[in-house]
Amino acid sequence: TDKIARAVRSLTEYNPALKVKIASLNALPYPDEYFGGVLSIGALEFMEDKVADALREVHRVLEPNGLFFIEVPYANILRRLFYLPLKKLEKAIKKKRGLTPTFSNYVFHPSELKRILADAGFQTTAIKPHDLPQANSHFGLFIDWKILRGHQPYQLNLLGLIVKKLLNSTSPWLAATGIVIVARKK
């Protein structure tokens, strides 16, 4: 796609010696135990029915004790209580009407992600919630809840700011948009 081409161009302009390859996460064009570390941001959640395959492939290309840095969307409490059930209802309605539901992406719970990483041969060494650093913005609240949106991308309105402050004052996990995990190849 156009975004991929721009990213490759930016990387190779920054360092012309870089050998950049575009590949699917479940078919990496590298030999076994090639990398000391792998970074995956905004990729694993789009591997429809192939998350386990992708993790095994990353495990294959990592050196022994290699590190895997992952960022994925988080199934926080708001998403588990409201957003995900509404998406399931939408899927059921589409199926009942004879329409094919559209897959958008997975969201993960930390315990689920740790389990599937362990099944693929990784040990989780760190796990943290994350979101946008600006005080007036929030990726998940903005994307998931139109009623909380301000006028600029990812900016929250007054209600959104109140919701963010209340949730974050209790725990950063309540409304975090993503999970950052560091895992080591066993």
Side-chain angles (χ1 to χ4, degrees), residues 1 3-4 6-7 10-11 25 37-52 54-55 58 62 66-93 101-120 122-185:
T1 68
K3 288 181 181 180
I4 293 170
R6 282 195 317 258
S10 294
L11 286 168
L25 195 55
V38 171
L39 173 65
S40 172
I41 299 173
L44 195 61
E45 63 267 26
F46 298 107
M47 301 301 298
E48 185 178 11
D49 299 325
K50 292 185 168 63
V51 171
L55 293 176
V58 170
L62 272 175
L67 294 175
F68 186 22
F69 301 89
I70 312 155
E71 185 280 326
V72 293
Y74 170 45
N76 64 42
I77 191 72
L78 291 175
R79 286 178 170 166
R80 289 193 313 268
L81 289 177
F82 303 107
Y83 181 76
L84 293 174
L86 288 172
K87 293 304 276 181
K88 285 182 183 177
L89 178 61
E90 176 187 41
K91 183 178 179 178
I93 291 169
T102 304
F103 173 80
S104 59
N105 65 280
Y106 293 116
V107 293
F108 298 88
H109 190 272
S111 60
E112 170 194 24
L113 193 53
K114 286 170 74 172
R115 179 189 54 75
I116 61 176
L117 282 165
D119 291 347
F122 291 97
Q123 176 186 359
T124 299
T125 61
I127 185 164
K128 301 278 184 189
H130 89 93
D131 210 297
L132 299 174
Q134 298 85 2
N136 68 342
S137 65
H138 193 283
F139 187 82
L141 293 175
F142 183 89
I143 295 295
D144 296 345
W145 308 102
K146 289 182 182 182
I147 192 171
L148 303 179
R149 292 180 184 172
H151 298 293
Q152 299 296 319
Y154 312 115
Q155 185 181 58
L156 299 174
N157 61 23
L158 180 60
L159 179 58
L161 292 171
I162 292 168
V163 169
K164 177 182 177 178
K165 188 165 184 96
L166 284 171
L167 293 171
N168 284 340
S169 68
T170 304
S171 169
W173 283 102
L174 290 179
T177 298
I179 306 169
V180 175
I181 286 190
V182 179
R184 184 177 300 280
K185 179 178 177 176

- Item | Partner set under salt bridge (Lys or Arg N to Asp or Glu O under 4.0 Å) for Glu90, not counting sequence neighbours | Lys87

How far apart are the closest heavy atoms of [X] and [Y], and which atoms are they?
X	Y	value
Pro129	Trp173	CD-CZ2, 3.2 Å
Pro172	Asn168	CA-OD1, 3.8 Å
Ala175	Leu167	CB-CD1, 3.4 Å
Ala135	Leu161	O-CD2, 3.7 Å
Pro110	Ile127	CB-CD1, 3.3 Å

Would a 4.5 Å heavy-atom cut-off, applied to side chains only, mark [X] and [Y] as touching?
X	Y	result
Pro73	Asn105	yes
Leu117	Ile70	yes
Asp49	Tyr106	yes
Phe122	Leu62	yes
Phe68	Leu55	yes

- Item | Set of residues satisfying side-chain hydrogen bond (donor to acceptor under 3.5 Å, both in side chains) with respect to Asp119, sequence neighbours excluded |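 With sequence neighbours excluded, Asp119 shows a side-chain hydrogen bond (donor to acceptor under 3.5 Å, both in side chains) to Arg115, given in chain and number order.
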
- Message: For Ser111, give me all partners under side-chain hydrogen bond (donor to acceptor under 3.5 Å, both in side chains), at least two apart in sequence or on another chain.
- Response: His109

- Partners passing ring pair (Phe, Tyr, Trp, His ring centres under 6.0 Å) against Phe139 (at least two apart in sequence or in another chain):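 In terms of ring pair (Phe, Tyr, Trp, His ring centres under 6.0 Å), with neighbours along the sequence ignored, Phe139 is linked to Tyr154.
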
- Message: Between Arg184 (side chain only) and Gln123 (backbone N and O only), is there a donor and an acceptor less than 3.5 Å apart?
- Response: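 It does not hold such a pair.
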
- Between the main-chain N or O of Leu174 and the side-chain N or O of Tyr74, is there a donor-acceptor pair closer than 3.5 Å? no

Using 0.5 Å steps for rounding, measure from the [atom1] atom of [X] to the [atom2] atom of [Y].
X	Y	atom1	atom2	result
Leu132	Lys164	CG	NZ	7.5 Å
Leu84	Asn76	CG	CG	8.5 Å
Leu81	Leu86	CG	CG	11.0 Å
Leu141	Ile147	CG	CD1	12.0 Å
Lys50	Glu48	NZ	CD	8.0 Å

- Given the rule in the side chain to side chain contact (heavy atoms under 4.5 Å, CB included) test, do Ser40 and Leu25 qualify, once you have shown the distances and angles that lead to the verdict? CA-CA 9 Å; Ser40 172; Leu25 195 55; 4.3 Å; yes

- Can you pull the side chain to side chain donor-acceptor pair (under 3.5 Å) pairs that have at least one residue in residues 124-145, sequence neighbours excluded? Glu71-His130, Arg79-Asp144, Asp131-His138, Asp131-Thr177, Gln134-Ser137

- Go through the steps to decide whether Phe108 and Ile116 satisfy the test side chain to side chain contact (heavy atoms under 4.5 Å, CB included), and finish with yes or no. CA-CA 10 Å; Phe108 298 88; Ile116 61 176; 4.0 Å; yes

- Any residue meeting side-chain contact (heavy atoms from CB on, under 4.5 Å) with Ile93, in chain and number order, not counting sequence neighbours: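 Applying side-chain contact (heavy atoms from CB on, under 4.5 Å) to Ile93 gives Leu89, Arg97.
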
